[in-house]
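What follows is a set of notes on a single structure, which appears directly below.
Source: prediction; values computed, not measured. All residue numbers in this chain count up from 1 along the given sequence.
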Amino acid sequence: MLSLLKSDSYRILKGKLGFYSVAGLIIFGIFFGIVRDDTPSLEVIQDGLSSASIFVSIFMINIFIIVWGHEFTYRVVNNSLIFGIKRWVYFLSKVVLTFGMVILFLVIYTGALASTVWITGGSFSLIEMIKIMLLQLPLYFSVSLIGVLLFNVIKSSNVATAVFVALILIGEGLVSSIISSYFLAANALLDTLLFTNIRQLTDYQNVSNQTFVIIFSSALVYSIIFYVCSYTLFKERDFK
């Protein structure tokens, strides 16, 4: 698996899409750090990390294209499996790489945001910022596994990308509306919505212990479901 990760990392470093993603995240981080209106520095950080729930997730599309779309489009996976790499090893290496890039993207954005706020508005508690980012990270992993599932279910990268964007922009709003209108008995599911909880964790000090349990247990359950479904599809997929 290490050899796969090394070769993929080399390919990403040599490619342009990863560079464009990093540049975009830095620009967005600087933008949200500058737009402050005399707001206290830590609140600007919280607002910036709350807004990240949408556009950092959108930037994940580049991760899926780099890690998954490239493999399927250029039939790299076929050659890897022909040379005797086990499917579960190949799949796990891609998930690990996906998680690694999610961490990288979130750190780069948060670093750009924090640096800008520090320069323009003064110091703030780095510990608080790091706590927020670390609390959000498991939920971002779960979000990334939605993309992994889509890129394994849908053979067209363009269609998978469109579906993922739609889920980010309108998915939770649509689910909330349907549950609130027609499935009142399922209202408890509204407490498990990933993007809503990512934003909620920016003010983690006002989140109850019970809510923490709901947030992280639901994220873990979703992650397991997405991973198992994705791997099952990948294992049964016919690569020719």
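- Contact detail for S21 and N62: the closest heavy-atom pair is OG-ND2, 2.5 Å.
- When all heavy atoms of F195 and S53 are compared, the pair lying nearest together is CD2-O, 3.3 Å.
- Atom CG of L92 and atom CH2 of W88 lie 6.5 Å apart (nearest 0.5 Å).
- Hydrophobic clustering, with ILVMFWY side chains joined whenever heavy atoms are under 4.5 angstrom apart, groups V159 together with F164.
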Before giving the answer on side chain to side chain contact (heavy atoms under 4.5 Å, CB included), spell out for V175 and L189 the whole-Å C-alpha distance, their side-chain angles and the decisive distance to 0.1 Å. CA-CA 9 Å; V175 169; L189 291 176; over 6 Å; no
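- Taking 4.5 Å as the limit, some side-chain heavy atom of V95 sits within range of a side-chain heavy atom of L145.
- Residues L233 and L149 form a side-chain contact, since some pair of their non-hydrogen atoms from C-beta on lies under 4.5 Å apart.
- Between V143 and L139, every side-chain heavy-atom pair lies at or beyond the 4.5 Å cut-off.
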If you apply the rule side chain to side chain contact (heavy atoms under 4.5 Å, CB included), what do you find for L201 with I132, and how did you get there? CA-CA 7 Å; L201 287 173; I132 294 171; 5.6 Å; no
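- Nearest approach of S142 to A219, heavy atoms of both residues: OG-O, 3.5 Å.
- The backbone N or O of D191 lies less than 3.5 Å from a partner atom in the side chain of N197, making a donor-acceptor pair.
- Side-chain contact between S41 and W118 is absent, with no heavy-atom pair separated by less than 4.5 Å.
- In terms of heavy-atom proximity, F216 sits nearest to P138 at CE2-CG, 4.2 Å.
- E128 and Y204 form a side-chain donor-acceptor contact under 3.5 Å, judged by distance and modelled atom types alone.
- Side-chain heavy atoms closer than 4.5 Å link hydrophobic residues (I, L, V, M, F, W, Y) into clusters, and following such links, even through other members, never connects I27 to L25.
- Using the six-membered ring where Trp is involved, F91 and F234 have ring planes that are tilted, between 30° and 60° apart.
- Here OG1 of T161 is found 11.5 Å from CD1 of I58. Values are rounded to the nearest 0.5 Å.
- With a 4.5 Å cut-off on side-chain heavy atoms, I198 and Y140 count as touching.
- Taken to the nearest 0.5 Å, the CD1 atom of I54 stands 6.5 Å off from the CG atom of L169.
- Counting only heavy atoms from C-beta outward, the side chains of I214 and T192 approach each other to under 4.5 Å.
- Q200 contributes atom CD, which lies 8.5 Å from atom OG1 of T202 (distance to the nearest 0.5 angstrom).
- Closest approach of L194 to E172, counting heavy atoms only: N-OE2, 2.9 Å.
- Of the listed residues (F28, F59, F55), just one forms a ring pair (Phe, Tyr, Trp, His ring centres under 6.0 Å) with Y109, and that residue is F55.
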Carefully, step by step, assess I168 and M60 under the rule side chain to side chain contact (heavy atoms under 4.5 Å, CB included). CA-CA 11 Å; I168 293 173; M60 284 185 191; over 6 Å; no
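- L167 CG to L150 CG: the interatomic distance, rounded to the nearest 0.5 Å, is 6.0 Å.
- Taking the side chain as every heavy atom from C-beta outward, F141 and V102 approach each other to under 4.5 Å.
- For the atom pair E43 CD and D203 CG, the distance stands at 9.5 Å (nearest 0.5 Å).
- Not one N or O on the side chain of S50 forms a donor-acceptor pair closer than 3.5 Å with the backbone of Q46.
- By the rule that hydrophobic residues join a cluster once side-chain heavy atoms approach within less than 4.5 Å of another member, Y227 and V153 end up as members of one cluster.
- Cluster membership check: V89 shares its hydrophobic cluster with Y231, using side-chain heavy-atom separations under 4.5 Å among Ile, Leu, Val, Met, Phe, Trp and Tyr.
- Linking ILVMFWY side-chain heavy atoms closer than 4.5 Å, directly or via other members, places V228 and V221 in two distinct hydrophobic clusters.
- For M129 against I45, the heavy-atom pair with the smallest separation is CG-CG2, 3.6 Å.
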